[in-house]
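Encoded as structure tokens, the structure appears first; notes follow it.
These figures come from a predicted structure and were not determined experimentally.
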Amino acid sequence: MLENLKPPEELPRDVVELRRAVVRLQRQLASAKDVYQHLVEATHRAAYDATLAAGPILPVREPKPDRRKGPEAALWVMTDWQGAKVTPSYNSQIMVKRVMQFCEKAVRITEIQRADHP
């Protein structure tokens with residue numbers, strides 16, 4: 001395949017310029033990758049040094065078994081909605097809309113949690 005390439009003096013000028021641009025961009029890419037690699041190595045070294053400075057890491061104890069009886073309860077904290085407040089950007093209709101959005105989201109989150117807990 002390389003045997004079929006023409007020498008640079010036989011190629012049109014724009015092809016020669018494109019080849020030079022490709023070589024220049026490949027060098028720039030290699031340089032950028034080199035800088036990135038230095039940052040990665042510095043990050044790893046810093047994490048390693050910080051771990052050494054923290055001292056020995058104690059083993060994590062096994063958690064105690066859950067001895068609670070009965071299902072869990074989901075409690076939604078819904079206070080201070082300012083229902084009577086009237087400003088250019090807030091009133092009782094906006095409050096009702098926000099309360100309903102809160103309830104819809106809370107129901108979704110509660111259902112997700114119930115899938116994993118009794």
Side-chain angles (χ1 to χ4, degrees):
M1 181 174 191
L2 291 176
E3 306 84 39
N4 299 336
L5 291 176
K6 295 180 182 179
E9 57 274 357
E10 295 180 21
L11 293 172
R13 180 178 165 88
D14 58 341
V15 173
V16 172
E17 291 298 321
L18 284 173
R19 284 186 178 179
R20 286 183 186 149
V22 167
V23 170
R24 185 180 67 251
L25 291 172
Q26 287 174 336
R27 284 187 191 131
Q28 287 177 351
L29 178 60
S31 175
K33 284 183 178 180
D34 189 42
V35 168
Y36 174 76
Q37 186 60 34
H38 287 301
L39 291 173
V40 169
E41 290 171 7
T43 303
H44 286 180
R45 274 194 312 271
Y48 180 77
D49 293 344
T51 303
L52 286 178
I57 298 173
L58 301 175
V60 177
R61 293 190 316 233
E62 185 175 329
K64 295 178 184 176
D66 188 1
R67 299 183 195 275
R68 294 178 288 187
K69 302 213 189 294
E72 295 178 0
L75 300 177
W76 301 350
V77 179
M78 301 177 63
T79 60
D80 200 23
W81 287 95
Q82 302 287 331
K85 184 177 185 178
V86 178
T87 68
S89 62
Y90 191 81
N91 57 36
S92 59
Q93 287 85 19
I94 293 173
M95 183 218 47
V96 169
K97 182 180 171 186
R98 290 182 183 174
V99 168
M100 296 310 294
Q101 285 176 341
F102 175 90
C103 292
E104 290 168 5
K105 290 179 182 180
V107 166
R108 281 197 311 248
I109 292 170
T110 301
E111 289 171 353
I112 291 170
Q113 290 295 321
R114 281 187 179 157
D116 194 41
H117 303 285

Residues 38-51 side chain polar contacts: donor-acceptor under 3.5 Å, at least two apart:
from: His38; atom 1: NE2; to: Asp34; atom 2: OD1; distance (Å): 3.4
from: His38; atom 1: NE2; to: Asp34; atom 2: OD2; distance (Å): 3.3
from: Glu41; atom 1: OE2; to: Gln37; atom 2: NE2; distance (Å): 3.3
from: Thr43; atom 1: OG1; to: Leu39; atom 2: O; distance (Å): 2.8
from: Thr51; atom 1: OG1; to: Ala47; atom 2: O; distance (Å): 2.8

Check your understanding: Looking only at heavy atoms, what is the nearest atom pair of Tyr90 and Gln82, with distance?
Key -> CE2-O, 3.2 Å

Exercise for review: Please indicate whether Met78 has more than 12 foreign heavy atoms, meaning atoms of other residues, nucleotides or ligands, lying under 6.0 Å from its CE.
Suggested key: yes

Revision key, fill the gap. Smallest heavy-atom separation, Ser92 atom then Gly83 atom, equals CB-O, 3.5 Å

Review point. In terms of hydrophobic clustering (I, L, V, M, F, W, Y; side-chain heavy atoms under 4.5 Å; direct or indirect links), are Leu18 and Val16 co-clustered?
Key: no

Got a list of side-chain donor-acceptor pairs under 3.5 Å for residues 105-112, not counting sequence neighbours?
from: Thr110; atom 1: OG1; to: Trp76; atom 2: NE1; distance (Å): 3.3
from: Thr110; atom 1: OG1; to: Ala106; atom 2: O; distance (Å): 2.7

Review point. In terms of hydrophobic clustering (I, L, V, M, F, W, Y; side-chain heavy atoms under 4.5 Å; direct or indirect links), are Ile94 and Val86 co-clustered?
Key: no

Using a 3.5 Å cut-off and no angle test, enumerate the donor-acceptor pairs between side-chain atoms of residues 26-33 and protein atoms at least two apart in sequence or in another chain.
none

**Study point:** Minimal non-hydrogen separation, Phe102 against Val77, with atom names
**Key:** CZ-O, 3.8 Å

Review point. Same cluster for Val23 and Val15 if Ile/Leu/Val/Met/Phe/Trp/Tyr side chains link at under 4.5 Å?
Key: no

Study note, to complete from the structure: Here the pair of heavy atoms bringing Ser89 nearest to Arg98 is O-NH2, 4.5 Å

